[in-house]
Amino acid sequence: MSRKYQDAYAINRETGEVMDLVIDKEVSSQNFWKIWLSDILTIMGIISNSKQLDVVLYIMQHIKQSDNTFIGTYGEVAKKTGISEKTVATAFRTLLKNDFLRKIHSGVYQVNPKYIVKGNENKRRMIINYYNTLNLYAKDDGNTEQNEK
């Protein structure tokens with residue numbers, strides 16, 4: 001959290017006297033999406049066409065801010081974006097392979113908080129810890145190939 005100061009003035013309605021003021025505001029990053037642009041551009045560099053990029057943008061617009069989850073099947077995303085299901089599937093496979101997305105279960109994904117998160121740095125760390133914990137469980141169950149599908 002940071003502070004922002006703004007100069008202002010006030011007029012006393014009874015006397016007409018003008019007084020200088022300094023307004024002290026707390027500025028919080030709580031209400032903004034933070035996107036690590038260099039990492040996003042790296043991910044987008046692996047996307048092979050503009051339709052796949054539209055899928056990425058759709059995902060980014062529909063992330064649940066509390067835990068970075070995205071809910072939607074290939075068919076649902078295809079229908080809502082007007083992009084073929086094959087192109088949506090290709091984009092998802094690429095995003096999964098490059099760790100932009102992690103599949104939680106059918107139709108539920110988590111966007112890697114390394115790339116995008118809404119909230120402050122503490123929230124980002126919390127979601128990263130959760131994301132990494134899910135990764136450990138996926139690796140420990142001995143069925144990584146199944147988890148990717």
Is the shortest heavy-atom distance from the side chain of I83 to the side chain of D54 under 4.5 Å? yes
Looking at side-chain heavy atoms only, is the closest gap between L96 and Y109 below 4.5 Å? yes
Heavy atoms of S84 and A78 approach each other most closely as C-CB, 4.1 Å
Do side-chain atoms of [X] reach the backbone of [Y] as a donor and acceptor pair under 3.5 angstrom?
X    : Y    : answer
N68  : I116 : yes
E76  : T73  : yes
N112 : D99  : yes
Q110 : D67  : yes
N98  : F100 : no

Measure the [atom1]-[atom2] distance between [X] and [Y] for me, rounded to the nearest 0.5 Å.
X   : Y    : atom1 : atom2 : answer
I63 : F70  : CD1   : CZ    : 9.0 Å
R93 : Y74  : CZ    : OH    : 6.5 Å
E85 : F92  : CD    : CZ    : 10.5 Å
T69 : I104 : OG1   : CD1   : 7.0 Å
K80 : H62  : NZ    : NE2   : 6.5 Å

One pair to check against side chain to side chain contact (heavy atoms under 4.5 Å, CB included): V56 and L95. What are the steps and the verdict? CA-CA 8 Å; V56 174; L95 295 171; 3.8 Å; yes
For residues Y115 and I128: do they belong to one hydrophobic cluster (side chain heavy atoms under 4.5 Å, members Ile, Leu, Val, Met, Phe, Trp, Tyr)? no
Side-chain donor-acceptor contact under 3.5 Å, T87 with T90: no
